[in-house]
Amino acid sequence: MVAERLVNGAPEEALLAADGSPRLPHVAYDDDGYTHMDGGPLGQNLIQVERIHDVFGALRRWVRERLPDAFIGCDMFVYRRRGVIKGAVAPDVLVARHVGDDPPWTSYKLFEGRPAPSFVLEVLSGSTAVLAA
């Protein structure tokens, strides 16, 4: 029997992110090593955060009435390929059809067979508006 190496009470492999890099202490990871919180704020300012929440709430009510199997997410990392963390995006709001009612996901993993979002919204801030111009 091989003894499992523990570091601070956790198995050594649990200290690695999905891409094999060391986990960062200020970032939250799921059980598979994918980040689901980066420690950053939802928006750069209060106006931006209020707009995101307003749109998310209104869109959630509208979509629920018309597409009961759709998933509506907010500020959630979307991973395209297994083991690739750096390519993740976190749109302010996303809608994916044919998913089901509020699965308990902390991130959205396309490589697990989930449908790609059919709608994505990014509320521009001062820095993203410059990039979009």
Side-chain angles (χ1 to χ4, degrees):
M1 183 166 133
V2 176
E4 183 175 48
R5 179 163 181 225
L6 299 178
V7 178
N8 294 331
E12 185 174 30
E13 63 272 5
L15 301 175
L16 298 178
D19 63 359
S21 64
R23 292 188 184 197
L24 301 172
H26 66 283
V27 175
Y29 295 84
D30 67 13
D31 291 341
D32 297 323
Y34 291 89
T35 54
H36 59 90
M37 290 190 328
D38 60 5
L42 174 62
Q44 288 187 344
N45 57 63
L46 186 58
I47 294 170
Q48 186 183 18
V49 171
E50 287 176 347
R51 297 303 176 264
I52 293 167
H53 280 280
D54 290 346
V55 169
F56 175 71
L59 186 62
R60 186 177 175 95
R61 288 187 297 278
W62 189 89
V63 168
R64 292 245 178 233
E65 292 174 6
R66 291 158 181 82
L67 305 167
D69 67 340
F71 173 75
I72 301 97
C74 182
D75 193 35
M76 173 180 266
F77 283 111
V78 177
Y79 293 99
R80 297 179 195 122
R81 294 191 309 263
R82 184 178 306 280
V84 179
I85 290 179
K86 291 187 181 192
V89 294
D92 291 329
V93 178
L94 68 88
V95 177
R97 298 189 61 192
H98 311 297
V99 173
D101 188 32
D102 285 337
W105 300 323
T106 55
S107 60
Y108 196 84
K109 300 171 184 169
L110 296 174
F111 60 83
E112 290 183 346
R114 297 175 191 161
S118 52
F119 174 81
V120 172
L121 175 76
E122 187 68 26
V123 177
L124 294 180
S125 65
S127 64
T128 56
V130 171
L131 295 173

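The distance from atom CZ of Arg66 to atom CZ of Arg61, rounded to the nearest 0.5 Å, is 11.5 Å. Atom OG of residue Ser107 and atom OH of residue Tyr34 lie 8.5 Å apart, to the nearest 0.5 angstrom. Once rounded to the nearest 0.5 Å, the distance linking CG of Asp92 with CD of Glu122 reads 4.0 Å.
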Practice problem: Go through the steps for Val99 and Trp105 under the test side-chain contact (heavy atoms from CB on, under 4.5 Å), then give the verdict. | Solution: CA-CA 12 Å; Val99 173; Trp105 300 323; 3.1 Å; yes

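Nearest heavy-atom pair across Ala18 and Asp32 is CB-O, 3.7 Å. Across Ala116 and Ala96, no two heavy atoms sit closer than the pair O-CB, 4.3 Å. Closest approach of Arg97 and Leu67 over heavy atoms only: NH2-CD2, 3.2 Å. Looking at every heavy atom in both residues, Met76 comes nearest to Pro91 through O-CD, 3.7 Å. When all heavy atoms of Lys109 and Arg114 are compared, the pair lying nearest together is N-NH1, 2.9 Å. Shown here for Leu110 and Pro117, the closest heavy-atom pair between the two residues is CD2-CD, 4.1 Å.
Applying the side-chain contact (heavy atoms from CB on, under 4.5 Å) test to Arg81 and every residue at least two apart in sequence or in another chain returns Val84. Listed by chain and residue number, Val55, Val93, Phe119, Val123 satisfy the side-chain contact (heavy atoms from CB on, under 4.5 Å) test with Leu121 (two or more places apart in sequence, or in another chain). For the side chain to side chain donor-acceptor pair (under 3.5 Å) test, residues two or more places apart in sequence or in another chain that qualify with Tyr79 are Thr35. For Leu24, the side-chain contact (heavy atoms from CB on, under 4.5 Å) criterion is met by His26, Val27, Tyr29, not counting sequence neighbours. For Asp19, the side chain to side chain donor-acceptor pair (under 3.5 Å) criterion is met by Ser21, not counting sequence neighbours. Residues forming a side chain to side chain donor-acceptor pair (under 3.5 Å) with Glu65 (at least two apart in sequence, or on another chain): none.
Within the 4.5 Å cutoff, the side chain of Phe77 has no heavy atoms near those of the Asp30 side chain. Side-chain atoms of Leu94 and Val78, non-hydrogen and from C-beta on, do get closer than 4.5 Å to each other.
Relative orientation of the Tyr108 and Phe71 rings is parallel, given thresholds of 30° and 60° on the angle between their planes.
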